[in-house]
Amino acid sequence: MRWSRTLIDTLKENPAEAEIVSHQLLMRGGFIRKVAAGIYDYLPLGRRVLLKLEAIVREEMDRAGALEVLLPILSPAELWQESGRWEKYGAELFRIRDRHDREFALGPTHEEVITDLVRKTVKSYRQLPVNLYQMHTKFRDEVRPRFGLMRCREFIMKDAYSFDRDEVGAEKSYQIMFETYQRIFKRCGLRFKAVEADSGAIGGSFSSEFMVLAETGEEGIATCPACSYAANTEKAQGALPDPSQAEAALKPRELVATPGKHTVEEVAAFLNVTPRQLAKTMLYDADGQVVAAIIRGDREINEVKLKNALNAVNLVLASPEQIKAATGAPVGFAGPFGLQGVTQVLMDDSLQGAVNLVTGGNQADMHAVNVTPGRDFTPTRVLDLRLTRAGDLCPRCGKPLDLERGIEVGHVFKLGLKYSEAMHAAFLDEAGQEKLCVMGCYGIGVSRIAAAAIEQNYDEFGIKWPLALAPYAVVLLPVAPKDPAAMAMAEDVYAELQAAGVDVLLDDREERAGVKFKDADLIGFPLRLTFGKSVAENLIELKHRSTGQVEMVPRSEVVAKIKALIQAGI
RNA sequence: CGGGGCGUAGCGCAGUUGGCUAGCGCACCUGCUUUGGGAGCAGGGGGUCGGAGGUUCAAAUCCUCUCGCCCCGACCA
């Protein structure tokens with residue numbers, strides 16, 4: 001492609017709205033333009049990056065034996081009502097009505113639609129296993145779209161769904177996808193990690209997330225430096241490095257005045273104790289029921305764990321009114337004893353064995369001291385409700401865990417029978433017995449990968465695309481377009497590279513050299529060939545964007561050299 | 001949904017104690033010069049100040065409502 005004939009509009013300044021690097025560079029490089037919050041146009045450069053990604057994903061999915069389909073974006077409410085997600089998915093589901101007032105959803109994911117397809121199509125065990133996938137636009141009415149392509153309301157996702165005749169087959173399908181994902185992200189040139197994760201709204205028994213490691217990642221990952229354990233902090237079960245110890249003697253519970261002291265730090269300082277001698281009592285509204293979660297003062301509640309423990313759909317902190325009703329006190333003085341109308345009291349195991357704790361007093365400006373679980377209150381359950389943090393011990397090998405940040409680009413789930421049961425996706429086995437399909441689902445955030453790749457590969461001048469994702473592998477840069485010799489050589493090399501099947505862009509604009517260099521660095525082509533003064537000596541300058549390495553290549557060798565570099569993946 | 005901020009030319013911004021034909025930089029068009037890291041000079045096109053209503057002799061500027069965008073939180077594959 002010739003620069004003068006494509007549409008590349010670069011910006012010198014960052015758009016005010018772009019906060020993170022990938023968003024800024026995608027905008028400045030002319031890859032995307034915003035249409036509305038979380039909704040973008042993909043310009044020719046952006047589209048080419050997406051096509052590169054889609055080609056990699058498609059090749060690897062096909063290699064794994066998956067079959068590509070194309071499912072509708074619009075799906076009728078009835079399908080969602082059948083699975084129960086019309087209610088459970090909540091406000092994130094885009095819903096529309098047609099002229100006859102029939103309700104539809106804009107697909108955020110396609111379990112219902114695919115299960116419906118399979119139940120209409122698959123009748124025999126002979127047709128299983130089957131893994132169907134598509135790459136399509138997805139819609140989610142995000143509470144807060146942000147960070148450019150990172151969290152959009154409309155985005156491109158590859159979603160795949162496997163159907164097996166039994167658990168053993170489903171496990172195999174899952175493993176195949178897990179390995180396929182490793183191949184895909186490796187081919188994209190990304191540094192990533194597979195981690196254990198919470199299944200969230202999709203449901204199912206087990207899932208792994210594929211995280212691109214980057215400081216700007218929205219997800220926390222706990223990783224073990226000693227073994228292979230890695231988990232999303234929502235899911236991670238780090239063991240306490242410092243369990244609570246019982247003191248010798250139980251002391252009688254007393255109330256003490258703590259005027260105006262609400263937070264753990266304030267109360268601990270006021271009573272001259274350490275935060276870990278406190279027990280925080282957090283009141284939540286779980287689907288309308290008020291529940292209490294109790295945790296040691298130096299730790300935080302992990303609401304995902306709490307939500308799962310309660311099997312709740314919606315979990316939010318209780319309102320001041322609910323707290324007043326349950327404790328009789330304003331916010332900040334809740335304690336675990338004598339609670340009114342609280343259906344469950346869950347205690348984090350950080351308090352296992354602890355005695356003589358400081359808690360809220362259930363009266364304004366009062367705390368209780370010498371509170372002991374089992375004597376002063378009885379938890380409904382004792383379990384891990386903690387947010388894992390750095391230094392907690394690896395659940396597999398006991399070494400202290402590190403905390404990293406990542407961008408979720410893929411997620412593989414074992415779904416089990418959740419959808420096949422609700423929607424009756426069944427087949428007949430050899431014995432003529434009806435069985436339900438055992439399902440798995442596998443997502444890749446295709447458009448998000450583009451942003452993640454930039455978060456991992458950029459410098460002060462712009463993007464450094466991995467070769468596999470670059471819109472063009474090579475940019476040809478004649479320094480002086482009016483120098484006939486240089487221009488002629490660039491044209492020849494351009495034709496030869498094109499003939500060799502290389503993605504090449506010829507910067508034929510009548511711009512000064514500086515402008516061309518800046519644009520090339522900004523857009524991030526992995527290789528640059530500069531046709532300047534050395535053309536007279538039949539030499540072309542080759543520069544690697546990622547390393548900055550420069551070498552002079554004889555004209556006669558340049559095409560072979562570029563082909564070799566691309567072959568080698570650079 | 002709670003808190004904070006912002007909507008003035010394609011982009012980045014100034015102007016906002018009401019007062020002249022609404023301004024600057026970048027980008028864009030024309031010409032001349034320049035030509036290996038975002039050139040210089042000269043000339044030029046483009047906005048009615050997010051929208052609606054109101055106050056006033058006079059509104060980008062004040063008031064009311066409304067729409068949109070960004071950040072933090074809540075929330076979220």
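This is a predicted model, so every value here is computed, not measured.
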* Hey, is the side chain of A:Arg151 pairing donor to acceptor with the base of B:C76 inside 3.5 Å? -> yes
* Roughly how many Å is it from CD in A:Glu19 to C1' in B:G5, rounded to a whole number? -> 12 Å
* B:G54 and B:A14: how far apart are their C1' atoms, nearest whole angstrom? -> 28 Å
* Asked: Counting side-chain heavy atoms from CB outward, which of B:G36, B:A27, B:C1 is closest to A:Lys12?
  -> B:A27
* What nucleotide, of B:C13, B:C1, B:G25, holds the atom closest to the side chain of A:Val143? -> B:C1
* Between B:U35 and A:Lys482, is there an OP1 or OP2 to side-chain N/O distance shorter than 4.0 Å? -> no
* Base, sugar-phosphate, or nothing: which does A:Glu92 touch, judged by heavy atoms less than 4.0 Å apart? -> sugar-phosphate
* Between B:C32 and B:G36 - C1' atom distance, rounded Å -> 23 Å
* Just checking A:Glu303: base, sugar-phosphate only, or nothing, at a heavy-atom cut-off of under 4.0 Å? -> sugar-phosphate
* **Between B:A39 (P) and A:Lys518 (NZ): distance, integer Å** => 10 Å
* Under 3.5 Å donor-acceptor pair, A:Arg28 side-chain atoms to B:G12 base atoms -> no
* **Side-chain donor-acceptor pair present, A:Asn302, A:Glu234, cut-off under 3.5 Å** => no
* Would you mind reading off the distance between A:Arg528 atom CZ and B:G36 atom P, rounded to a whole angstrom? => 13 Å
* **Watson-Crick or G-U wobble partner of B:U35, both distances under 3.5 Å** => none
* Structure fact -> When A:Glu154, A:His23, A:Arg153 are each screened for side chain to side chain contact (heavy atoms under 4.5 Å, CB included) with A:Tyr40, the one that passes is A:His23
* To do: For B:A27 versus B:G45, give the span between their C1' atoms, rounded off to a whole number of Å.
  => 13 Å
* Between P of B:C6 and CD of A:Glu17, the distance in whole Å -> 17 Å
* Asked: So, does the side chain of A:Asp521 form a donor-acceptor pair with the base of B:G37 at under 3.5 Å?
  -> yes
* Does the base of B:G38 carry an N or O that pairs as donor and acceptor with the side chain of A:Glu511 under 3.5 Å? -> no
* To do: Using a 4.0 Å heavy-atom cut-off across all strands, classify A:Arg33 as base, sugar-phosphate, or nothing.
  => nothing
* Asked: Considering only the P atoms, how many Å lie between B:C1 and B:A39, rounded to the nearest integer?
  -> 48 Å
* Asked: Taking the P atom of each, how far is B:C76 from B:U66, in whole Å?
  -> 29 Å
* Whole Å only: how far is the CD atom of A:Glu218 from the P atom of B:G73? -> 10 Å
* Asked: Does a side-chain N-to-carboxylate-O contact under 4.0 Å join A:Lys280 and A:Glu300?
  -> yes
* Take atom C1' in B:U16 and the same atom in B:A60, then report the distance between them in whole Å. => 7 Å
* Structure fact -> When rounded to whole Å, the CD to P distance for the pair A:Glu142 and B:C76 reads 11 Å
* Asked: What is the distance, rounded to the nearest whole Å, between atom CD of A:Glu510 and atom C1' of B:C29?
  -> 15 Å
* Would you say the side chains of A:His110 and A:Lys138 form a donor-acceptor pair under 3.5 Å? -> yes
* Asked: Closer than 4.0 Å, any side-chain N/O of A:Lys307 to the OP1 or OP2 of B:C76?
  -> yes
* Base-pairing assignment for B:G68 (Watson-Crick or G-U wobble, both under 3.5 Å) -> B:C6
* Does any nucleotide pair with B:G73 by Watson-Crick or G-U wobble geometry, both distances under 3.5 Å, and what is it? -> B:C1
* Asked: Which nucleotide in the list B:G36, B:A39, B:C69 gets nearest to the side chain of A:Val515?
  -> B:A39
* Using the P atom in both, what is the distance from B:G68 to B:G51, to the nearest Å? -> 15 Å
* **Residue mapping more 5' on RNA chain B - nearest nucleotide basis, A:Phe461 or A:Gly410** => A:Phe461
* To do: State whether the distance check finds a donor on one side and an acceptor on the other, under 3.5 Å, for side chain A:Arg509 versus base B:G38.
  => no
* Give the C-alpha distance, both sets of side-chain angles, the deciding distance and a yes or no for salt bridge (Lys or Arg N to Asp or Glu O under 4.0 Å) between A:Asp9 and A:Arg33. => CA-CA 10 Å; A:Asp9 182 36; A:Arg33 287 288 116 96; 3.2 Å; yes
* Asked: In the structure shown, which nucleotide is the Watson-Crick or G-U wobble counterpart of B:A42, with both distances under 3.5 Å?
  -> B:U30
* Counting heavy atoms from C-beta on, name the nucleotide in B:G73, B:G36, B:A39 closest to the side chain of A:Arg512. => B:A39
* Checking all strands, does A:Gly443 fall into the base, sugar-phosphate, or nothing category for heavy-atom contacts under 4.0 angstrom? -> nothing
* So which nucleotide does B:C24 pair with, by the Watson-Crick or G-U wobble rule with both distances under 3.5 Å? -> B:G12
* Distance in angstrom units between A:Asn14 CG and B:C26 P, rounded -> 18 Å
* To do: Have a look at A:Lys34 and say if it touches a base, only the backbone sugar-phosphate, or nothing, with a 4.0 Å heavy-atom cut-off.
  => sugar-phosphate
* To do: Please determine if A:Glu60 and A:Arg183 form a salt bridge, counting it only when a charged side-chain N lies under 4.0 Å from a carboxylate O.
  => yes
* Asked: So, do A:Trp465 and A:Phe31 have ring centers that fall under 6.0 Å from each other?
  -> yes
* Asked: Can the ring centres of A:Phe163 and A:Tyr419 be said to be less than 6.0 Å apart?
  -> no
* Pick the P atom in B:G15 and in B:G3, then give their distance to the nearest Å. => 28 Å
* With both distances under 3.5 Å as the test, what is the Watson-Crick or G-U wobble partner of B:U17? -> none
* Between A:Ala37 and A:Pro15, just flag the one whose closest nucleotide in RNA chain B comes earlier from the 5' side. => A:Pro15
